[in-house]
> 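Quick one: the structure is below, and I'll ask about it shortly.
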Amino acid sequence: GSWYGSWGVCFLYGTWFGIECLMAAGDDIPGKEQSVQKAMQFILSKQNPNGGWGESYIACVNKAYPYNGTGNTLGDNGSGVVQTAWAVLGLLIGNCQDRDAIDRGIKYLMKKQLASGDWEQEGITGVFNRSCGITYTAYRNVFPIWALVRYSNKYPD
């Protein structure tokens with residue numbers, strides 16, 4: 001139900017991109033609907049009680065989703081704003097029917113936004129060659145804003 005990601009950490013990033021690509025490819029892809037549904041189930045299964053999602057760079061090294069999300073020292077109780085944005089973006093483009101999960105993710109992003117409109121830098125969200133972590137400072141703003149706009153366009157109420 002998931003894809004391994006490169007450049008972003010890791011399974012949430014890869015799975016979001018997988019869903020985006022399948023949805024953009026059109027309806028003539030054999031098994032598309034089943035693949036999208038499995039991918040969204042993977043994302044939904046990783047949502048934390050606080051509404052967010054999180055994943056540390058350790059996922060790239062170990063090639064396994066970390067049981068404690070972002071870990072104990074980064075993010076908020078296992079969740080991070082960048083990973084939450086990737087998860088929400090995937091669920092929205094895949095037309096996920098679990099509106100409550102999406103709403104909880106959006107509320108998490110809004111709660112974590114600073115008064116300046118920025119979000120805190122929480123940890124490494126980029127990686128290449130499985131083990132070289134990169135802090136892309138733009139990620140903390142670009143992806144949450146993208147998720148909030150996509151949500152607002154899909155649910156204008």
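Worth saying up front: this structure is predicted, and the values here are computed from it rather than measured.
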> Do NZ/NE/NH1/NH2 and the carboxylate oxygens of Asp103 and Lys154 come within less than 4.0 Å?
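Lys154 and Asp103: not salt-bridged.
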
> So does Asn153 have more than 12 non-hydrogen atoms from other groups sitting under 6.0 Å from CG?
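Result for CG/Asn153: enclosed.
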
> State whether Glu120 and Lys111 are salt-bridged, where the test is any N-O pair (Lys NZ or Arg NE/NH1/NH2 against Asp/Glu carboxylate O) under 4.0 Å.
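No, Glu120 and Lys111 are not salt-bridged.
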
> Between Asn62 and Ala64 (side chain of the first, backbone of the second, donor and acceptor by atom type, cut-off under 3.5 Å), is there such a pair?
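Absent.
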
> Measure the shortest side-chain to side-chain distance between Trp16 and Phe143 over non-hydrogen atoms and say whether it is less than 4.5 angstrom.
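SC-SC contact between Trp16 and Phe143 confirmed.
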
> Does atom NZ of Lys32 have more than 12 heavy-atom neighbours from other groups under 6.0 Å away?
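Result for NZ/Lys32: enclosed.
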
> I'd like to know if the side chain of Gln83 reaches the main chain of Glu55, judged simply by a donor and an acceptor atom lying under 3.5 Å from each other, with no hydrogens or angles considered.
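Side chain of Gln83 to backbone of Glu55, a donor-acceptor pair under 3.5 Å: yes, one is there.
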
> Should we say atom CD of Glu20 is surrounded by more than 12 heavy atoms from elsewhere, each under 6.0 Å from it?
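More than 12 within 6.0 Å, yes.
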
> Would Lys46 pass as a cation-pi partner of Tyr65, given that its NZ or CZ must be under 6.0 Å from the six-membered ring centre and within 45 degrees of the axis?
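Cation-pi check for Lys46 and Tyr65: passes.
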
> Any side-chain to backbone donor/acceptor pair from Ser2 onto Thr15? Under 3.5 Å, distance only.
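Not confirmed, Ser2 side chain does not pair with Thr15 backbone.
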
> Give a yes-or-no answer on whether the side chains of Gln37 and Glu33 include a donor-acceptor pair shorter than 3.5 Å.
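Looking only at side-chain atoms, Glu33 and Gln37 do form a donor-acceptor pair, the distance falling under 3.5 Å.
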
> Ignoring hydrogens and geometry, is there a side-chain-to-backbone donor-acceptor pair from Ser152 to Leu148 under 3.5 Å?
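No, because the side chain of Ser152 does not come within donor-acceptor range (under 3.5 Å) of the backbone of Leu148.
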
> Is it the case that the side chain of Asn48 and the backbone of Gly51 share a donor-acceptor pair, with hydrogens and angles ignored and the cut-off at 3.5 Å?
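No, because the side chain of Asn48 does not come within donor-acceptor range (under 3.5 Å) of the backbone of Gly51.
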
> Classify the ring geometry of Trp86 against Tyr139: parallel below 30°, tilted from 30° to 60°, perpendicular beyond 60°.
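Rings of Trp86 and Tyr139: perpendicular, over 60°.
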
> Is the backbone of Leu114 close enough, under 3.5 Å, to the side chain of Trp119 for a donor and an acceptor to pair up by distance?
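A pair under 3.5 Å: no.
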
> With distance as the sole test, does Gln113 use its side chain to make a donor-acceptor pair with the main-chain N or O of Asp118 at under 3.5 Å?
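Absent.
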
> Kindly compute the distance separating CD (Gln47) from OG1 (Thr84), expressed to the nearest 0.5 Å.
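Between Gln47 CD and Thr84 OG1, I get 8.0 Å after rounding to 0.5 Å.
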
> Would you confirm whether Tyr108, through its side chain, and Ser79, through its main-chain N or O, come within 3.5 Å as a donor-acceptor pair?
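Side chain of Tyr108 to backbone of Ser79: a pair is present.
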
